[in-house]
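If you're wondering where the values come from, they're calculated on a predicted model, not measured in any experiment.
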Amino acid sequence: MPVLRVRSLRVAPPGGEEGIRTPSPYKFKSPLAMTSSIPELPDMPDIGPDDSFRLLIKKLSLYIAENIRLPSTFEQLRTTAAGDCLRHLVDHLVLNCDHPAIVNALLALKWHYGAITEDKGLNDARASGCEIAAWRLLTHLSEREAVDYCLYEIPDPALEANRQSDEEETSQVNEHSPLLARAWTESVANPRRKHEFPNPTGDNRRNLLLQSLTRLTMSMTGEVDDDGEEEDDPTAPFINLNALEIAAIADAKRFLSQNVVQKIITGIWNGDIIFWDNLSVHTEKKPRFYNPRTADPFSRLRVPKYLKSFEVVFFASFLFLYYAVLVERNPTRITPLEIFLYLWLAAFSYDELSEWIDAGSIFYAADIWNIFDMAIMAIGFTFMVLRIIGLETQNAELIDLAFDVLALEALLMVPRVCSILSLSPYWGTLIPCLKEMAKDFIKFMVLVVIIYLGFLTTFSLVGRDSFPLRDMTWFLTKIFFGSTFIGFDIMRQIDPVFGPPLMILFVMLSSILLMGSLTGMLSNSFSRVITHAREEYLFVYSIYVLEASTSNRLTHFYPPFNLLALVIFRPLRLFLPSDDKFRRARIILLKATHLPIVFIIAMYEWIRGTSLRGATYSAVKAPPHGAPIASPAMMRKLAGPRREMRGRRSVTSLQSDQAAQSRLGMSSMERRISAHQARQAEEAQEDSTYAERATDVEVRIADLAAKIDRLTELVIAMQSQQSTTLGDVSLS
């Protein structure tokens, strides 16, 4: 008699609805289902060339939030099918988007999603997606176009509307506004914002950016608050920031470490890309390629490479004066060498204060050498105060103490002179590792201090008749640092009953458990950081380059010449307006004091240009005759045929990919492999396409179009061959 097997089915809960379950990150489809329908592309954002920055961010945020719904890591979005929506977005932006602030918007969204604390995994995935889309978009562009997009500054709508009427005010802002406190021209239609943000400095600008992050993706339309006034635009703090600056404040380290971005930063470092080409009253800050035939030689004073070189020379002279004062060590009077040391210390402090105001405390503290600078200033001024008080009171002990304090300066000044090594990839990679290990060490020492204080209290009370508190503190410190034999020698003197077991327990905890744990933790910290040390190094390097080059200060005085500007012009600002005459006087003083430095720079560039003529560089280079960086609209107009060929290639590859999927019913793994190979082939095509540059624009476009034709045919042939191979495998 056959046996019937009955399988029970799960009964739905009351109400007819099943319990909510977490969706699977993978959606499997049978081959039959895949062959029955072609995958549909997601709805792309309709971005117009005249859209405001707020509207642009809103459209992109809707697409990102709609297509990235599950937590994914950066590598998963970059290499697996989870990031297909980003590839479609990049293709759409390359073909159809003409907005010059698209990279700025993607990086602003990266910061927005990364700052959200709720649902951290999902928002981190969206932040990574924005960062990936930003640098992939740059890889689809030529080097000139990448420069245009990365250095495009978000304009102020009110400033654009009233540019001519506010020209005088704009020139004043360009002179004195710092890096993160750009020209913040307040809209007359919103007096409340002018009252709230009267004069934003570097720190205030970053605080305003942080406050606007939570409202960055709010409604695109202007909302009215309870007072009947229009709500402030949350994108307003991003005005006059370019994409590289947004990436720096958003901690987009992977974006800044990409080769296409590093080429631009290297070009800024070497002075191939400049922001000031002339020192005159009405000069405007604008990114452009350096042309030695038309640019003012004094504009080379703003090149980061020369700024760093002169900084090393200044510190070397500072160190010479430091040693000379310590060797002389006059206890009765202030010598001329000591006066020069005070002047150098004052010039150094004023330069650091200006840099801190320009960049803000967040950017300033990002460079570890700036922490050394603050300590050098603190020790120097402490020595100065003790020295003056000692001479006035004729106190020999206080004078000796002052020189002892000055001797501590060598611990910081000698490494600071050698800070030029941090720009080397080897040393610059190790510094982030040491920095993170120091952080973990300080955190671990909190636990050590807690345990140490507990044992110190116990031993001091138990052995109060044998050892005072000072001796017991020194004994336990020696034991902790490895002199365990001391503990075994004094444990019975502390107490014959409790001394031995307590001392054995303390030795085991300090010498075995704590020290072993500390060694293992530091090893793990080093291994964890060294994998991303290159990104950390390039991030700090990029911040230094941006700080040194993109400041809105037209006249930047090298120390110790900055003391002249401080003594002459600062008192005049109290009762004279900062007009064109005031600005012209600063320019005249700058040219008079920095003429020898400019001559040395000119000789170096002449020798370097003669000896390295014909060499190739990894940085972005200017055209042979030099030209300002064109607007994105102009570059897209010139690159029309190339865009058209790239669009046909992308559409052709997409159609062939969809046809292959519907015809053969490839598995999900095969689709990912095919898409990955196609992306690699596409990147290889673009790298080879942009390897050469012609001097004539029309010849260059024709040459690139011909290469794209040949490469398109090659890719289509490879895809057809791959589809045929996969079809044979599936049929077999």
Practice prompt. Tell me, with the steps shown, if Y537 and L430 meet side chain to side chain contact (heavy atoms under 4.5 Å, CB included).
Written response: CA-CA 8 Å; Y537 155 68; L430 290 180; over 6 Å; no
Practice prompt. Tell me, with the steps shown, if S257 and E535 meet side chain to side chain contact (heavy atoms under 4.5 Å, CB included).
Written response: CA-CA 6 Å; S257 63; E535 297 176 0; 3.8 Å; yes
Worksheet item: Are K435 and E536 close enough, and set up right, to give a salt bridge (Lys or Arg N to Asp or Glu O under 4.0 Å), and what steps lead you there?
Response: CA-CA 11 Å; K435 184 178 179 180; E536 296 288 343; over 6 Å; no
Item to complete: Might you work through the side chain to side chain contact (heavy atoms under 4.5 Å, CB included) test for I102 and L137, ending with a clear yes or no?
Response: CA-CA 9 Å; I102 187 67; L137 176 62; 3.5 Å; yes
Worksheet entry | CA sep, side-chain torsions, deciding dist, call: L89, L93, side chain to side chain contact (heavy atoms under 4.5 Å, CB included) | CA-CA 6 Å; L89 175 62; L93 295 178; 4.0 Å; yes
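Smallest separation of non-hydrogen atoms from A105 and I57: CB-CG1, 3.8 Å. Nearest heavy atom pair, residue H92 against residue P45, reads NE2-O, 2.8 Å. Smallest separation of non-hydrogen atoms from P432 and A533: CG-O, 4.3 Å. When all heavy atoms of I601 and R300 are compared, the closest pair comes out as CG2-CB, 4.0 Å. Listed here is the closest heavy atom pair of D43 and Y63: O-CD1, 3.2 Å. A pairwise comparison of heavy atoms in L107 and A134 identifies CD2-CB, 4.1 Å as the closest pair.
D296 places a side-chain N or O within donor-acceptor distance of the main-chain N or O of F298, the cut-off being under 3.5 Å. With hydrogens and angles disregarded, no donor-acceptor distance shorter than 3.5 Å links the side chain of E436 to the backbone of C433. Using modelled atom types, no side-chain atom of H532 and backbone atom of R528 make a donor-acceptor pair closer than 3.5 Å. A donor-acceptor contact shorter than 3.5 Å links the side chain of Q262 to the backbone of L256. R136 places a side-chain N or O within 3.5 Å of a backbone atom of R78 that can act as its donor or acceptor partner. Put simply, the side chain of K110 gets close to the backbone of A250: a donor and an acceptor are under 3.5 Å apart. Distance alone, capped at 3.5 Å, is enough to place a donor-acceptor pair between the T283 side chain and the N278 backbone. The backbone N or O of D50 lies less than 3.5 Å from no partner atom in the side chain of H99, so there is not a single donor-acceptor pair. Between the side chain of R254 and the backbone N or O of A252 there is no donor-acceptor pair closer than 3.5 Å. Listed for the N104 side chain is a donor-acceptor partner under 3.5 Å among the backbone atoms of Y152.
Atom CD of Q258 and atom CD1 of I265 lie 11.0 Å apart (nearest 0.5 Å). Here the straight-line distance linking atom CH2 of W135 with atom NE2 of H140 works out to 10.0 Å at 0.5 Å rounding. Here D84 contributes atom CG and H88 contributes atom NE2; the two are 5.0 Å apart, rounded to the nearest 0.5 Å. Atom-to-atom distance recorded for I431:CD1 and L434:CG is 7.5 Å, nearest 0.5 angstrom. Within the model, atoms CG of N259 and OG1 of T139 stand 11.0 Å from one another, a figure rounded to the nearest 0.5 Å. The OG atom of S128 lies 12.5 Å from the OH atom of Y113; values are rounded to the nearest 0.5 Å.
Residues I132 and F255 form no side-chain contact, since every pair of their non-hydrogen atoms from C-beta on lies 4.5 Å or further apart. For the pair N370 and E355, the minimum side-chain heavy-atom distance is below 4.5 Å. For the pair I274/R302, no side-chain contact is recorded, criterion being any heavy-atom separation below 4.5 Å from C-beta on. V103 places a side-chain heavy atom less than 4.5 Å from the side chain of L138. E245 places a side-chain heavy atom less than 4.5 Å from the side chain of N242. Contact of the C85 side chain with the I68 side chain is registered, since non-hydrogen atoms from C-beta on lie closer than 4.5 Å. Side-chain contact between S542 and K253 is absent, with no heavy-atom pair separated by less than 4.5 Å. Between T266 and Y541 the shortest side-chain heavy-atom distance falls below 4.5 Å.
Between F238 and W111, the ring-plane angle classifies as perpendicular under the 30° and 60° cut-offs.
Partner I47 forms a side chain to side chain contact (heavy atoms under 4.5 Å, CB included) with one of D98, N96, L60 and no other, that one being L60.
Using a 4.0 Å cut-off between a side-chain N of Lys or Arg and a carboxylate O of Asp or Glu, K59 and D51 qualify as a salt bridge.
If you check the side chains of Y306 and E605, you find a donor sitting under 3.5 Å from an acceptor.
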